[in-house]
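To find a chain, count down the sequence lines: A is the first, B the second, and so on, and within it residues start at 1.
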Amino acid sequence: MLSKKLELIFKNTMDRKTRISLDDPREDLTEVEITSAMNNIITQNIFETTGGDLVSIAGARIITTQIQDFSV
Amino acid sequence: MAVNTILKSSKVKLELQNGLDENGKEIIKSKTLSSVKTDATDEGIYDSMVSITGLQQLPLTAVKRIDEKEIEMV
């Protein structure tokens, strides 16, 4: 079984990376959509981190994990 | 007795619909994001959650704000 997570990676005021991880990303995501959602998070500015506000986009990626179950 | 109430922390809980069970009842998958600013507006929280859940497959059914308040004696 494959499980996918979308990681949105931001930089905070202290230039440190911080991420928001989301389950089951849509299969048809575009870079434009991801950028737009991340920019909105930065604009709304509702999150606090130990290194200050989220100020810029540092990247986004999908992480796929393969899980193999044994019938033991 | 006089008390003071201080808003200590805020979190947001997202509820996504993950299909229906055998009785036709919605199965809810929830995710909590901590480190929300205590002074964040409800509009800001809602708007941010619509943005991020728009990237996910499951439809958003509810956004819940969890505020923790400490009550102390003055």
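A continuous path of ILVMFWY side-chain contacts below 4.5 Å connects L8(A) to V50(B), so both sit in one hydrophobic cluster. There is no path of hydrophobic side-chain contacts, each under 4.5 Å, that joins V55(A) to I42(A). Side-chain heavy atoms closer than 4.5 Å link hydrophobic residues (I, L, V, M, F, W, Y) into clusters, and following such links, possibly through other members, connects I57(A) to I34(A). Hydrophobic clustering, with ILVMFWY side chains joined whenever heavy atoms are under 4.5 angstrom apart, keeps L29(A) apart from I9(A). Linking ILVMFWY residues whenever their side-chain heavy atoms come closer than 4.5 Å, directly or via other members, leaves I63(A) and M38(A) in distinct clusters.
Contacts with chain A (heavy atom to heavy atom, under 4.5 Å) involve these residues of residues 25-32 of chain B, listed by number: K29(B), K31(B).
Proximity to chain B involves both the backbone and the side chain of L22(A), based on heavy atoms less than 4.5 angstrom apart. For chain B, the nearby parts of D23(A) are the backbone and the side chain; heavy atoms of each come within less than 4.5 Å. Of the two parts of L33(B), only the side chain, counted from C-beta on, holds a non-hydrogen atom closer than 4.5 Å to a non-hydrogen atom of chain A. In this structure, no portion of T53(B) lies under 4.5 Å from any heavy atom of chain A.
In this structure, I41(A) CD1 and I52(B) CD1 are separated by 5.0 Å, a value rounded to the nearest 0.5 Å. The CD atom of Q56(B) sits 14.0 Å away from the NZ atom of K4(A) when rounded to the nearest 0.5 Å.
Around the CD atom of E31(A), the shell of radius 6.0 Å holds no more than 12 heavy atoms that belong to other residues, nucleotides or ligands.
Applying the side chain to side chain donor-acceptor pair (under 3.5 Å) test to pairs two or more places apart or on separate chains, those with a residue in residues 38-51 of chain A are N12(A)-T49(A), N40(A)-D47(B), N40(A)-S51(B), Q44(A)-D47(B), N45(A)-D53(A), N45(A)-K37(B).
Counting heavy-atom pairs closer than 4.5 Å to chain A, the top-ranked of the candidates D39(B), L16(B), I45(B), T41(B) is I45(B).
Under a 3.5 Å cut-off, the side chain of E33(A) and the backbone N or O of L55(B) do not form any donor-acceptor pair. Looking at Q57(B), its side chain does come within 3.5 Å of a backbone N or O of P25(A) through a donor-acceptor pair.
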